Amino acid sequence: MTEPTSASPLTAEQARRAQAAIGRLVRYGLQHGLIRPADRDWALNALLDLFGFAEPGAAAETLSDDGPVPSEAAPVLAPLIDCGIAAGLVPDDTMTSRDLLDARIMGLIMPRPSETAEAFARQAEREGIEAATDAFYKMNIASNYVRMDRVRQNEYWVHEGEYGGIEITINLSKPEKDPREIARIRSLPPSSYPKCLLCPENVGYAGRPDHPARQNLRVLPLKLNGEDWYFQYSPYVYYNEHSIILRAEHVPMAITEATFTRLFDFLDRFPHYFVGSNADLPIVGGSILNHDHFQAGRHRFAMEKAELEATYRHPSYPGISCGVVRWPLSVLRLAGPRRDELEEAAAELLGAWRSHSDPSVGILAHTPLADGSRLPHNSITPIARRKQDGRYELDLVLRNNRTSGEHPDGIFHPHRHLHHIKRENIGLIEAMGLAVLPGRLKGELRQIAAILAGERPYDPEACADASHPLHRHAAWLAGLVRAHGTSLPAAEAERLLREEVGRKFTEVLCDAGVFKRDEAGRAAFAAFAESAGWRRASS
């Protein structure tokens, strides 16, 4: 065994464990195709250098072991990260520091970005695009970029209600920062590189306390609408093969006629995925509006399964069907075999919606400003997919981001009585019927279930105090106790809460709908469709 150098803070035992872990990690990389046999010594030496070893020591023994290799990197990495912390490779043992070291280590046993892109292109040509995405997704999991160990911590269930199977997740895959990390971030000088989390300059970036490391990120080049774009997977998987398509140029999101061309270009390359965009306005848009991007993946959401409740035809687009989707948000679904016809019809609908006002249902397209300009309020969330018969299908979710004194967070946004469950923007993923709820809910729901099951005392006065952990749920909890008491079986209390959260999220979606699902809303929706040239089809 190689003894630690005099400059190393590692004990002899720590050095032995680190070397053994290095050997296991190289074996892991070989077994999962991250490196090839010809890369073995190169990867081994890079890892030894990172940890300050001049010789492999115990790594030679574990590298030649013929035992089973874990299916994921986390158990292989954990002891190596512990040794890295002991060796002072990162300043502390916070989650952020561990993640920075994790990506740094994995980046040493991965192919270069160009090699990844070339291998993807070869496999797509030889075996088809599905085989290529399957392999690329597996590589992202093997490299620990997609953290499946954390994704499995997410809570998930399906709420079967009026609009089909609404999926509910409580997001636990994004770890919360502890006070030490928050304090360090506040002390950092401002940085403008990379400009944002979606810029292609993130590939290989070492990271910092306020920006994740990306040495294990790999992206694939794409041409959409003749422009340079990139395809990657999301490290926080909200659904199967959750993907991000990002523009090479750092430009703000904008829903335009070109958006539809880009979406269909993507589908022609990846017909087994859906692809969509958040709206391009605050409140109704995504969390990153300063970099144009789409989201895609291999998942069938409840909105896609929803049926049409009214159908329309347009004399200028005879090959296209149009329908109002039976869904809490206001959705028009276009479908047809010709993408050029769909692009033109969608662009015309977008223009019509941008300028549409109907004060009778609270929809105003613009607000005049003091300088004579107008603040826009109408946008859309477009989602495109290919069907089994080859037709294109395009859902246009109508959005409006007006606020008022009664609803300062947004008129067509979760209203205040729902903020204890969901206050954040309703973006593309949630519009399609998959709730991404805050991680705090896991513990809060557990406490509420304990009260309903009589395992914890219910004190309404204590809950009314702003410092109480269940304060934000006080009114809801009081209603649950009145309706169901405090002696439910534990399993029944959990089932009840999941049902109630599903109902709450359905209310969230209803609040986000611009045309409400009542007589006035349906009439206003029909009036908009007709104003855009669409005529109700006979049944």
Side-chain angles (χ1 to χ4, degrees), residues 1-32 34-35 39-111 140-150 152-153 175 177-178 180-181 184 204-209 211-217 235:
M1 184 194 78
T2 303
E3 293 295 330
T5 65
S6 58
S8 170
L10 293 178
T11 66
E13 177 56 24
Q14 286 173 327
R16 188 198 66 78
R17 287 203 302 268
Q19 290 166 331
I22 286 171
R24 292 189 192 97
L25 187 61
V26 174
R27 280 192 68 227
Y28 173 89
L30 288 165
Q31 288 287 327
H32 289 277
L34 297 175
I35 54 174
D39 302 319
R40 191 191 79 153
D41 292 336
W42 166 80
L44 174 65
N45 287 327
L47 289 167
L48 292 173
D49 177 64
L50 175 62
F51 285 85
F53 298 119
E55 297 179 12
E61 182 180 325
T62 52
L63 185 53
S64 61
D65 184 11
D66 59 359
V69 172
S71 59
E72 295 171 14
V76 187
L77 279 169
L80 199 52
I81 292 173
D82 289 339
C83 291
I85 291 167
L89 294 180
V90 286
D92 53 37
D93 192 13
T94 60
M95 186 65 74
T96 293
S97 290
R98 294 183 73 90
D99 285 353
L100 291 173
L101 183 54
D102 177 320
R104 185 179 178 186
I105 292 169
M106 292 305 299
L108 297 176
I109 59 164
M110 290 190 66
N140 275 264
I141 294 172
S143 69
N144 218 35
Y145 184 73
V146 174
R147 295 292 306 262
M148 294 305 293
D149 59 318
R150 291 182 182 168
R152 280 192 292 271
Q153 297 174 25
K177 295 187 181 298
D178 72 23
R180 290 174 295 169
E181 295 169 306
R184 187 178 304 120
Y205 185 60
R208 52 183 192 267
H211 193 104
R214 291 290 185 252
Q215 290 102 323
N216 56 345
L217 166 64

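Quick note: residue numbers are just sequence positions, from 1. Every heavy atom of this structure was used, including side-chain atoms; hydrogens, water molecules and symmetry mates were not. Bear in mind the structure is a predicted one, so any value in this text is a computation, not a measurement.
The minimum heavy-atom distance linking A74 with N144 is given by the pair N-OD1, 4.2 Å. Nearest heavy-atom pair across L63 and G23 is CD1-O, 3.7 Å. Contact record, P79 with P75: CD-O, 3.4 Å, taken as the closest heavy-atom pair. Here the closest non-hydrogen pair linking A43 and I109 is CB-CG2, 3.8 Å. The two residues L44 and P56 have their closest heavy-atom pair at CD2-CB, 4.4 Å.
I22 CD1 to F53 CZ: the interatomic distance, rounded to the nearest 0.5 Å, is 5.5 Å. Expressed to the nearest 0.5 Å, how far CG of L80 lies from CD1 of I85 amounts to 10.5 Å. One finds the CG atom of L30 at 10.0 Å from the CG atom of L25 (value rounded to the nearest 0.5 Å). Atom-to-atom distance recorded for M95:CE and D99:CG is 6.5 Å, nearest 0.5 angstrom. Note that CD of E13 is 9.0 Å distant from SG of C83, once rounded to the nearest 0.5 Å. To the nearest 0.5 Å, atoms CG (N216) and CD1 (I105) are separated by 10.5 Å.
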Given M106 and L34, is the side chain to side chain contact (heavy atoms under 4.5 Å, CB included) satisfied, shown in steps? CA-CA 9 Å; M106 292 305 299; L34 297 175; 3.9 Å; yes
After noting the C-alpha distance and the side-chain angles of Y145 and R214, does the key distance pass the side chain to side chain contact (heavy atoms under 4.5 Å, CB included) rule? CA-CA 8 Å; Y145 184 73; R214 291 290 185 252; 3.3 Å; yes
Could you give me the CA-CA distance, side-chain angles and deciding distance for V76 and V69, then say whether side chain to side chain contact (heavy atoms under 4.5 Å, CB included) is met? CA-CA 9 Å; V76 187; V69 172; 5.7 Å; no
Stepwise, does the side chain to side chain contact (heavy atoms under 4.5 Å, CB included) test hold for L48 with E55? CA-CA 7 Å; L48 292 173; E55 297 179 12; over 6 Å; no
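Every ring pair (Phe, Tyr, Trp, His ring centres under 6.0 Å) that Y205 has, sequence neighbours left out, goes to Y193, H211.
No donor-acceptor pair under 3.5 Å is formed between the side chain of R150 and the backbone N or O of P235. N45 places a side-chain N or O within 3.5 Å of a backbone atom of D41 that can act as its donor or acceptor partner.
Taking 4.5 Å as the limit, some side-chain heavy atom of I35 sits within range of a side-chain heavy atom of V26.
Summarising the local packing, CZ of R40 is surrounded by 12 or fewer heavy atoms from other residues, nucleotides or ligands at distances under 6.0 Å.
Using bins of under 30°, 30° to 60° and over 60° for the plane-to-plane angle, the ring pair Y28/H32 lands in the tilted bin.
Salt bridge absent: R17 and D82 never bring a charged side-chain N and a carboxylate O closer than 4.0 Å.
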